[in-house]
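The residues of the chain are indexed from 1 along the displayed sequence. Whatever order the structure lists them in is the order used to number ligands and atoms, beginning at 1.
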Amino acid sequence: MTTSTKKTSKTDSARILRRIRSHLGDQPLPSVSLVAVTSRDPFRILISTMISLRTRDEVTLAATDRLFAQAETPQAIAALPEEAIANSIYPAGFYRTKAHNIREVARIVSEEYHGSVPQTVEKLIALPGVGRKTANLVLGLGYGIAAICVDTHVHRIANRLGWVETRTPDATEAALEKILPAEWWIAVNELLVLHGQQVCTPQSPLCSRCPVEGDCRQVGVTRRR
Ligand code: SF4
């Protein structure tokens with residue numbers, strides 16, 4: 001473990017991410033990344049990301065497939081009864097609230113954006129149930145626009161590594177923009193989600209098996225394996 005408080009350089013952060021990527025090898029992708037790779041459809045990525053909040057990956061994938069088997073376009077989903085959307089995405093967490101928001105998002109995209117998901121964070125976060133995390137994931141995976149999606153894993157690991165000293169995901173996003181080369185902005189989410197699920201877990205991370213243990217300041221880590 002390094003105790004230095006030296007600011008992380010873009011060269012260092014890229015090297016650490018390369019090592020994490022190499023350690024992960026050919027892992028199954030997180031659910032929304034899988035949807036992105038298989039569909040290349042920003043609308044499906046947006047809806048899948050909304051479903052994924054507080055929901056396990058396998059539930060998200062199945063729920064997305066059931067919903068899009070019923071209706072594929074924003075116009076068609078907006079025409080579904082809210083109850084039908086809720087039944088399709090059950091047992092995703094908060095499925096009734098999500099069903100309401102999904103129908104409304106589909107209506108707005110259909111009526112106000114001619115069926116195309118908007119391509120700016122400002123327009124995306126104006127949609128119901130869409131925050132910066134979802135907006136940035138859609139921009140990155142849906143449109144290839146460099147944007148950092150900071151979820152709970154990215155926020156936790158960036159702080160443990162000592163890359164940032166932040167209390168909120170929004171602050172982490174702003175801090176990461178300064179120390180991550182732009183070519184890693186999209187990939188960092190997928191890499192740290194998988195690393196956070198398998199190695200740098202919320203409780204008692206597996207530091208003894210971590211490929212970047214020598215570069216990690218382990219900030220706030222009191223129990224480790
Ligand atoms: S597992 Fe341990 S060493 Fe690896 S990134 Fe997390 S806190 Fe750092």
Check ligand 1 against C216 and write out every atom of the ligand that is under 4.0 Å from a heavy-atom position of the residue. 3 (S), 5 (S), 7 (S), 8 (Fe)

Considering only non-hydrogen protein atoms, determine which one is nearest to atom 3 (S) of ligand 1 and report residue, atom name and distance to 0.1 Å. Q218 NE2, 3.5 Å

What atoms of ligand 1 come closer than 4.0 angstrom to any heavy atom of E213? 3 (S)

Would you say OH of Y143 has more than 12 non-hydrogen atoms from neighbouring residues, nucleotides or ligands within 6.0 angstrom? yes

Report yes or no: do T60 and T55 form a side-chain donor-acceptor pair below 3.5 Å? no

What distance do L17 atom CG and L192 atom CG have between them, rounded to the nearest 0.5 Å? 6.0 Å

Just to confirm my output: which protein heavy-atom neighbour is closest to atom 4 (Fe) of ligand 1, and how far is it? C210 SG, 2.3 Å

Has C207 got an N/O/S atom less than 2.8 Å from atom 6 (Fe) of ligand 1? no

According to a hydrophobic-cluster definition based on side-chain heavy atoms being under 4.5 Å apart (Ile, Leu, Val, Met, Phe, Trp, Tyr only), do L53 and L141 belong together? no

Any sub-3.5 Å donor-acceptor pair from T8's side-chain atoms to S13's backbone N or O? no

H195: numbered ligand 1 atoms lying under 4.0 Å from its heavy atoms: 5 (S)

Are more than 12 heavy atoms, taken from residues, nucleotides or ligands other than Q203, located less than 6.0 Å from that residue's CD atom? no

Within the 4.0 Å heavy-atom shell around C200, which atoms of ligand 1 are there? 1 (S), 5 (S), 6 (Fe), 7 (S)

